[in-house]
Structure formats: structure tokens, C-alpha cells
Amino acid sequence: MRRIIAARQDGLCSRLGAILNAMYISKKTGKDFYYYWPESEEQMKLWENIKNKNNFRSIECELEKNIFSKNFIQNYSLGDTFQNPGLPYGLKQPQFSFKASLDELALRNEDCFISHVPCYSYIEDIDKEEYYREMKAFWRQVEFTSKIQEIIQTAKAKADKLDNFIAIHVRIADVALNQAYKNTGYFVYKFSPLELVFELIKQEIQDYNIVLFSDDFDGIKILKNYCLENNFKKVYLIDEFIKINLNSETERAFFELAFMICAKKIYTGDSNFSKFASRVGLGREATYISEVFSNQERYDLIFKNKNNKLELKPLQEAYKFLYLYTRGKLIKRSWVELEQILVQALALDPFNNLYKIGILECLLNQKNYMHAEEYTKKIIKDNNFLKDLLHPMMIFKDSFFKILSSVDNQYENLYLLYLTMSKKFNLKIK
């Protein structure tokens, strides 16, 4: 009989989510549950250099001995040696072709790696309501250190005193500044522009107290102060409730998590931290901020609420323009208007090739080929340009290649980009 294993290497709640999922599948299949707790991914370690220069949260995970009880580790841990989470179920985004049934998993004579993604999305025969009941139950069964247990109880007691509150998790730091993300734009959908969060607060403030959580301490202070200026007095920062001695980022994370679990509603840009809290606290998925507003509304609201009192650090403001650009493309704003949005982004982050590629895309869609050719001749001199253009996570890759394929080969630099992309991605040359 083979094992059901949680083996994630990313953030705390991705790991905890995988552990609870593995416990669930173990129970449903009769197989033994185990987990790996490896060191954090390299990009998470690199984030520490950026975090230390700003007032941002850490995303590294501590060693398991500082989180789980000795008994839990002895019974279920496979150690800290990183293991490839394996296909298919260790993936962050399981593909539909990987679907299986519980019966198939029970009969499979090999280890099965489970991710943090809700199991019903890729394993058949799982009742969604029962799954969420079990998530809440398994959360109470995980054995943490006495210190972590004390923090959880303290946070719950404080949350219980704040009657009728909702939690909004504002993700505005790592996706906008982490080099692994910002130069490709791949996680732009996770970004939570303060202008949209402020509009959400306006909608909810009549009925609820509101507690703000974020990976950027300074950013939510800006938002809180702006709320006070608008006489929204029931808006709080999670820091206002932390009156105990916390010795590490992990201890703080558990305080925030335990507090958030008590919320009546949880809103998220797209964070496994807040999604996990919703699953084990509310027994359902968190509400995406993007679900509250349409693409058109998001585009309009950013312009409507945009002012210097909601401004973040330059690179984050640049990323906000990227967010605006992606919404603008979806609602088919003019390419002239979209180009100007990215020009503003590039002014704030002048070395980011993502914005240069987007500007080039706008020029080509305007059929301004001569300008595009000269612009390409200029920007291609950057040694990182082709590297960024050919990165598999580059969000403009497909749309840019499509418009590039319509350009006549008389434009030498543009045609060179076309041939380079064709070769890299094995695309058919016209």
C-alpha cells in the first residue's frame, strides 16, 4: 500500500492546505498520510533581500520543528529533503486530463502527491459540502507547538471581541516586486489595487467592521488613513490587535491566520493565505475581489478613485498600470489609450521589458510599423530583452506573436523577433 503525501515548497498556507488535503484523501482511500517540509523555494529566499529594504512581509517558511508538535512530526513527517511533488496532483493547477476517482487512488500502487488546490476540482466522487466540513475538522486536528497553539487561541479570543467583521487580504507587494513575477506579469490578476479595495470597503462598511491584512505594511496604512479621511471609522489594521510578543514572521502569520478564520466574510485578490483561512474558517472559498467588480468596473474605478493619497511605491504603481492595461485589453479600449497606460508604467519602472513589449504590441496594433521598428532597434540592445520576451510566463507572448506575424519582413528587427519567437516556441513560420 502506497502513501498520500503533501510536498509543497512554497508559502505557509499552500503547505498547510496540501497537508489538510492529504489528510482528507488519506481518510477517503484508507492510505497513510505523510508530508514533506522542505526549505523554501529559491525565489522566496531571494524575496528576503527585497523585503528587508521595504516594510514587506516575509514569505519564507520556518523549519517544521518550530511549527508542529514533536508527536505530529514523528508520526507524519518525511523530513525536509525536497521531493518533486510529482504528477499530477502535486501541481498548483491540476489539469482536467489528470482527473481520477477516489477508487482509482485507493487501488493505485504508488505514492500520490497532493496539492493545496481543493480536491474536488480534480478528483471525482468528492462531495463539495462534505469536503469543506472535513477541512474545518482537520484544521483542529493538526498538532502545533505549544507556542503556536497559544498564539492561535489568543488571536481567536481577540477576534471574538470584534463582533461582525470581514477580512480583506490586500496583496500588493510580492507580485509587483519579486523579479520572478514582475518582469513577466504572470500574476497580475493577484494584484489588489487600493482603488478597488477602497470601493469594496465603501460597499461593506455599513454592515461590517473591516480588518485589513496585507503583505505590505505601509500600503494598508495608506489605505487605512484614506478611509479615516472619508470618515470610515470601522476599518482596522490587523496590527492593531497584535498586543502579544511574537518572535518570528511565522508566529505573526499564525496570529493573522487564526484571526482571519473568525471573519464573517473573507475577500482575496488571490492569496493561498486568505483562501486557506476561508476553507477552514467559513467552510467555503474566499470571495475574489475580481468577482465583485466586472472588468469594465475595475477599469473605471481605478481611474475614478486614483489620487496621490492612494499611491504606493513606484514599482507597485507601475504594476497597477499593468493591471489597468490588462483590464483595458479585455474591454477593448483603443490601442492609443492602452499605449499611454504602459508609457506611464515604464516611466515608473524604466528597466522592465514587460512594459516595453506591451508598448511595442500597441504600436503594431496601430499599424505604426516604422515607429515599432525603430523602437525595437532601441530596446533589443538590452541583454535581458530576449530573455524576458521568451520567458514561458510572459503574459504578452501569445498576443504579441500573433500581431508580430502580420508584419512584413522588410522591418528587419521586427522580423528577427518573429523568427526568434517561432524557433523558441516551435511555432509555424508564415
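Along the sequence shown, residues are numbered consecutively beginning with 1. In this text the structure is predicted, and so the values were computed from the model without any measurement.
- Contact of the Lys27 side chain with the Phe33 side chain is not registered, since no non-hydrogen atoms from C-beta on lie closer than 4.5 Å.
- Nearest heavy atom pair, residue Ile341 against residue Phe321, reads CG2-O, 3.2 Å.
- The number of heavy atoms from other shown groups lying within 6.0 Å of CD (Gln141) is above 12.
- Two residues are said to be in side-chain contact when any heavy atoms from C-beta on lie closer than 4.5 Å; Ile266 and Thr287 fail this criterion.
- Considering every non-hydrogen atom in both Phe276 and Cys13, the closest pair reads CB-CB, 3.8 Å.
- For Tyr355 and Tyr325, the ring centers sit 6.0 Å or farther from each other.
- For the atom pair Asp216 CG and Ile172 CD1, the distance stands at 4.5 Å (nearest 0.5 Å).
- Taking the six-membered ring for Trp and the full ring otherwise, the centers of Phe401 and Tyr418 sit less than 6.0 Å from each other.
- Looking at heavy atoms from C-beta onward, Ile126 lies in side-chain contact with Leu102 at the 4.5 angstrom threshold.
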Could you tabulate the donor-acceptor pairs under 3.5 Å formed by side-chain atoms of residues 383-392, not counting sequence neighbours?
| residue | atom | partner | partner atom | Å |
| --- | --- | --- | --- | --- |
| Asp388 | OD2 | Asn353 | ND2 | 2.9 |
| His391 | ND1 | Met393 | N | 3.0 |

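- Within the 4.5 Å cutoff, side-chain heavy atoms of Leu363 are placed close to those of Glu339.
- Atom CG in Leu360 sits 4.0 Å away from atom CZ in Phe400 (nearest 0.5 Å).
- Taking the ring centroids of Tyr299 and Phe303, they lie under the 6.0 Å cut-off.
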As a quick check of understanding, evaluate ring pair (Phe, Tyr, Trp, His ring centres under 6.0 Å) for Trp139 and Phe144, giving each step before the final call.
CA-CA 10 Å; Trp139 165 246; Phe144 297 107; 5.5 Å; yes
Check step by step if salt bridge (charged side-chain N to carboxylate O under 4.0 Å, His left out) holds for Lys28 and Glu130.
CA-CA 11 Å; Lys28 301 295 285 188; Glu130 186 251 1; 3.3 Å; yes
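- Under a 3.5 Å cut-off, the side chain of Glu251 and the backbone N or O of Asn247 do form a donor-acceptor pair.
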Are Lys329 and Ser399 close enough, and set up right, to give a side-chain hydrogen bond (donor to acceptor under 3.5 Å, both in side chains), and what steps lead you there?
CA-CA 11 Å; Lys329 281 183 71 174; Ser399 61; 3.3 Å; yes
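- Judged by distance alone, with hydrogens and angles left aside, the side-chain atoms of Asp111 form a donor-acceptor pair with the main-chain N or O of Arg3 at under 3.5 Å.
- For the salt bridge (Lys or Arg N to Asp or Glu O under 4.0 Å) test with Glu285, the passing option among Arg279, Lys128, Lys265, Lys275 is Arg279; the others fail.
- In this structure a side-chain-to-backbone donor-acceptor pair under 3.5 Å is missing from Glu317 to Pro314.
- Under the 4.5 Å side-chain criterion, counting only non-hydrogen atoms from C-beta, Ile151 is in contact with Leu246.
- By the 30° and 60° cut-offs, the orientation of the rings of Phe259 relative to Phe165 is tilted.
- Between Asn66 and Ile148, the shortest heavy-atom distance links the atoms O-CG1, 3.9 Å.
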Please report the C-alpha distance between Asp207 and Lys234 in whole Å, then the side-chain angles of each, then the deciding distance to 0.1 Å, and finally whether the salt bridge (charged side-chain N to carboxylate O under 4.0 Å, His left out) criterion is met.
CA-CA 10 Å; Asp207 301 318; Lys234 297 191 298 179; over 6 Å; no
Is there a ring pair (Phe, Tyr, Trp, His ring centres under 6.0 Å) between Tyr120 and Tyr24? Walk through the geometry before answering.
CA-CA 11 Å; Tyr120 59 79; Tyr24 174 78; 9.6 Å; no
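- Looking at Ser278, its side chain does come within 3.5 Å of a backbone N or O of Arg284 through a donor-acceptor pair.
- A side-chain N or O of Ser69 and one of Glu143 form a donor-acceptor pair less than 3.5 Å apart.
- Between the side chain of Glu204 and the backbone N or O of Ile201, no donor-acceptor pair lies under 3.5 Å.
- Applying the ring pair (Phe, Tyr, Trp, His ring centres under 6.0 Å) test between Tyr236 and each of Tyr208, Phe241, Phe213 identifies Phe241 as the sole match.
- Under the 3.5 Å distance criterion, the side-chain polar atoms of Gln316 are matched with a main-chain donor or acceptor of Lys313.
- In this structure, Phe113 and Ala7 approach most closely via the heavy-atom pair CD2-CB, 3.9 Å.
- Side-chain N or O atoms of Asn21 include one that pairs as donor or acceptor with a backbone N or O of Ser115 at under 3.5 Å.
- Taking CD1 from Ile357 and CZ from Phe396, the interatomic distance works out to 8.0 Å, rounded to the nearest 0.5 Å.
- Trp37 and Phe68 have perpendicular rings, their planes meeting at more than 60° on a 0 to 90° scale where under 30° would count as parallel.
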How far apart are the C-alpha atoms of Arg171 and Thr268, what are their side-chain angles, what is the distance that settles it, and do they pass the side-chain contact (heavy atoms from CB on, under 4.5 Å) test?
CA-CA 8 Å; Arg171 189 171 185 178; Thr268 181; over 6 Å; no
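- Atom NZ of Lys264 sits in a sparse spot, with 12 or fewer heavy atoms from other residues, nucleotides or ligands closer than 6.0 Å.
- Aromatic ring centroids of Tyr34 and Tyr76 lie 6.0 Å or more apart.
- For the residue pair Glu361/Asn365, the side-chain donor-acceptor check at 3.5 Å is not satisfied.
- Proximity of Arg8 to His116: side-chain heavy atoms (C-beta onward) are separated by under 4.5 Å at one or more points.
- With Thr184 contributing its side chain and Tyr181 its backbone, the two residues share a donor-acceptor pair below 3.5 Å.
- Judged by distance alone, the side chain of Asp80 and the main-chain N or O of Leu63 form no donor-acceptor pair under 3.5 Å.
- Side-chain contact between Phe254 and Ile67 is present, with heavy atoms from C-beta onward closer than 4.5 Å.
- Atom CG in Asp103 sits 12.0 Å away from atom CZ in Arg108 (nearest 0.5 Å).
- The heavy-atom pair separating Leu282 from Ala263 by the smallest distance is CD2-O, 3.1 Å.
- The cationic atom of Lys320 (NZ for Lys, CZ for Arg) does not lie both less than 6.0 Å from the six-membered ring centre of Tyr323 and within 45° of the ring axis.
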Would you check, one step at a time, whether the test salt bridge (charged side-chain N to carboxylate O under 4.0 Å, His left out) holds for Glu297 with Lys304?
CA-CA 10 Å; Glu297 287 172 329; Lys304 173 187 171 184; over 6 Å; no
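- Side-chain atoms of Asn75 come within 3.5 Å of backbone N or O of Asn71 as a donor-acceptor pair.
- By the 4.5 Å heavy-atom criterion applied to side chains, Phe293 and Ile302 are not counted as neighbours.
- The minimum heavy-atom distance between Glu64 and Ser77, with the atom names listed, is OE1-OG, 2.9 Å.
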Evaluate the salt bridge (charged side-chain N to carboxylate O under 4.0 Å, His left out) criterion for residues Asp160 and Lys156: first the C-alpha distance (whole Å), next the side-chain angles of each, then the deciding distance (0.1 Å), finally the verdict.
CA-CA 6 Å; Asp160 289 343; Lys156 184 180 184 304; 3.0 Å; yes
